[in-house]
Structure formats: structure tokens, C-alpha cells
Amino acid sequence: MQMNPPLPLPQKYLERLRLILPAGRLESCIESMGREPATTFRINPLKATATQAVEALVAEGFQLTPLSWKADAFSVPHHQRRALTESAPCREGWIYIQNPASMVPPLVLDPHPGEWVLDLAAAPGSKTLQLAAMMAGQGRLSAVEVGRDRFFRLKANLEAHGASWVQLYLKDGTGVGRTCPAWFDRVLLDAPCSGEGRINALYPETYAYWSEAKIRELSHKQKRLLSSAARALKPGGVLVYSTCSLAPEENELVVAQALEWGLEVEEIALPFAAQPGLTQWQGKTLPPQLARCLRILPDGLMEGFFVCRLRKPG
Ligand code: SAM
């Protein structure tokens with residue numbers, strides 16, 4: 001039998017994956033981390049219709065495969081990635097390159113017309129832009145980013161893609177709950193994370209800074225941001241917490257804190273198979289409600305993602 005050579009990923013990371021991922025998915029997930037990732041994009045309805053964008057891309061020779069569960073999202077073969085970034089529809093802001101898993105948190109947040117929505121950790125703005133498109137100007141959308149360079153990238157991205165009406169704040173999100181208590185109908189916290197779900201053996205920069213110490217440090221930061229997000233939310237409001245990490249310390253253990261503050265995890269259904277949140281980690285039993293969180297496992301098309309929808313008591 002031919003064995004694939006082991007991937008040059010941190011040994012400790014691989015050991016942890018054996019504890020985190022379901023046994024039946026472990027090998028295929030790890031194998032996907034050694035392949036070129038898919039290139040996917042979403043049509044930006046703030047700049048173009050689906051017909052306009054698809055026709056323009058097909059005319060430039062792109063081989064588009066529609067995503068099975070999202071009508072306005074497509075993938076192209078990896079060898080067309082560079083050309084896609086240089087294509088006219090991309091330069092004109094008609095499309096936005098984004099992994100399908102990253103399109104899920106705004107769908108789960110599900111903003112309604114007239115609401116005031118906060119994106120608490122927003123740059124470079126993939127999800128802010130998606131929310132802006134979903135809201136189509138019917139309501140208020142505020143976005144916060146603490147990193148100066150990243151803030152200006154967010155601003156430029158929103159302007160280039162027809163969403164300059166979004167209110168932007170160069171601020172530390174941990175203070176927003178204190179300064180804007182119970183202001184928002186919905187809050188998205190797509191938290192800064194270790195990026196484990198995007199680790200790829202072909203790109204050493206995706207795992208160069210990975211360590212368990214980093215995960216612990218991020219978990220602390222995520223809890224502070226989640227506390228601020230929960231305070232900024234109106235009673236009865238919806239908070240979506242997401243990361244592109246697979247680490248329970250950055251996911252279920254962070255959400256477990258929100259349960260202690262009285263928030264409830266709501267059931268969510270995705271249009272594709274996802275794994276329930278973990279209710280056991282390192283010998284500790286976690287609250288059963290955490291099984292309602294969802295884990296999207298990396299598979300070559302999707303990056304690994306964690307998403308959960310919380311409701312603040314009314
Ligand atoms: N939601 C973004 C998107 O889809 O394009 C990605 C967000 S990224 C995972 C997390 C962001 O949070 C980073 O841009 C990081 O600079 C920012 N961040 C980190 N600490 C923060 C804080 N205390 N307040 C606000 N933003 C913060």
C-alpha cells in the first residue's frame with residue numbers, strides 16, 4: 001500500500017486534531033490541508049447583477065462552478081486564481097473573493113430591514129460587505145476595527161465595493177459594550193483567532209506562528225471581545241460568534257462564558273453537513289447547549305470554521 005508522506009505541520013497541532021475532529025473525518029481533513037485551496041467568490045450585488053458578472057467572467061475564459069447551496073457564489077480552478085484577482089469584474093468590485101465557510105456567519109446573523117447591526121472585528125471586511133449587501137441600505141451597519149492599517153484596508157474595500165454608507169470606527173472593540181450598551185439589534189463577532197481552519201502545508205506562513213500558548217492568549221482576548229459584544233446587544237438581540245479556528249479554547253470554551261452571562265445558544269441549520277459543537281474537552285464536560293454550535297470542517301473547498309448564534313434574554 002502506498003503511504004502519503006506526512007505533512008510538514010506542527011506535530012502538536014496534528015495531535016490536537018486527533019482529539020478534536022471526528023475519527024471518520026480526520027484523515028480526509030488532514031489530507032485536504034496538503035492540497036491547493038479552492039478559489040471561491042461571491043457576486044457583489046451592490047455593484048453588479050449575477051448575470052452581468054457571470055457573463056463577463058465567462059467571456060474572459062473562467063471556468064465557473066456554482067456553489068451547491070448559495071446561488072451567487074462560485075469557484076474557479078486553482079490555476080485561474082491569479083487571473084481572477086486581475087479580471088475586470090474583480091477590479092470593478094463586481095465580485096468578492098471569499099471562502100464559502102466565511103460566507104456563513106452573516107447568513108446566520110440574518111439581519112432584518114431597519115435594524116442596527118454591529119460588526120465588532122471587521123477588517124478586511126468580507127463579512128461587513130456581505131452584511132451591507134444583505135441589508136441593501138435598509139438599516140444601519142457599524143463596523144469596528146482596532147488595527148490602523150487593517151482599518152484603512154476595510155475602508156478602501158467597502159468604498160471599492162459600493163458600501164461606503166457603512167459607519168466605520170477605528171477602535172478597540174473591547175470597549176464598545178461599555179460605551180454603547182444595549183444599542184444594537186444584532187452583533188457579529190468574527191473574532192481574531194489562530195486561523196487553524198486555514199492552515200495549509202503548502203503555505204508555511206499559515207502555521208509559522210501556531211502554538212498552544214498563542215491559542216490561550218487568543219482565547220482570553222476572544223472572551224473580552226465577546227463580553228463587549230454581549231453588552232452592546234439589545235435585550236432579545238442576536239449575537240453571532242465565529243472563528244476560523246478548530247481549537248475548542250477559541251470556540252466552545254469562549255461561548256461557555258457567554259452562557260454564564262445568561263445568553264442562550266440557538267439551534268441553527270446550515271444548507272450543508274456540519275459537526276455539532278464539542279461538549280467534552282480534555283476530560284471536562286461542557287454545557288450540553290454547546291452542541292448547538294456548528295463546526296465546519298476543512299475539506300479543500302471549505303476552510304475550517306466555527307459558528308454559533310446566541311440570543312440575549314429579552
Ligand atoms: N470579519 C473579517 C472579515 O470577514 O473580513 C475578519 C476579521 S479577523 C478574523 C479579526 C479582526 O479583528 C482583525 O482584523 C483584527 O485586527 C481585529 N481585532 C483584533 N482585536 C480587536 C479588538 N480588540 N477590537 C476590534 N478589532 C480587533
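Because the structure is a prediction, the values reported are computed rather than measured. In listed order, ligands and their atoms are each counted from 1.
Across Asn157, Asp172, Leu120, heavy-atom proximity to atom 23 (N) of ligand 1 is greatest for Asp172. Compare Pro192, Ser126, Gly125 by their heavy atoms: the one nearest to atom 10 (C) of ligand 1 is in Pro192. The closest heavy-atom contact to atom 14 (O) of ligand 1, among the options Arg224, Arg150, Gln130, comes from Arg150.
Taking the six-membered ring for Trp and thresholds of 30 and 60 degrees, Phe272 and Trp69 have ring planes inclined between 30 and 60 degrees apart.
For a threshold of 3.5 Å applied to N or O pairs, the pair formed by Glu145 and ligand 1 contains at least one separation below that value.
Under 4.0 angstrom from ligand 1, the non-hydrogen atoms of Ala122 all belong to its backbone. At a heavy-atom distance under 4.0 Å, no atom of Cys193 approaches ligand 1.
Side-chain N/O atoms of Trp210 and Glu196 include a donor and acceptor closer than 3.5 Å. Asn200 and Thr206 form no side-chain donor-acceptor contact under 3.5 Å, judged by distance and modelled atom types alone. Between Ser194 and Ser245, the side chains place a donor N or O and an acceptor N or O closer than 3.5 Å (distance only, hydrogens not considered).
In this structure, Ala191 counts as a contact residue of ligand 1, since one of its heavy atoms falls inside 4.0 Å of the ligand. Residue Gln98 places every heavy atom at 4.0 Å or more from ligand 1.
Nearest protein heavy-atom neighbour of atom 24 (N) of ligand 1: Gly173 N, 2.7 Å. In terms of protein heavy-atom proximity, atom 21 (C) of ligand 1 is closest to Val146 CG1, 3.3 Å.
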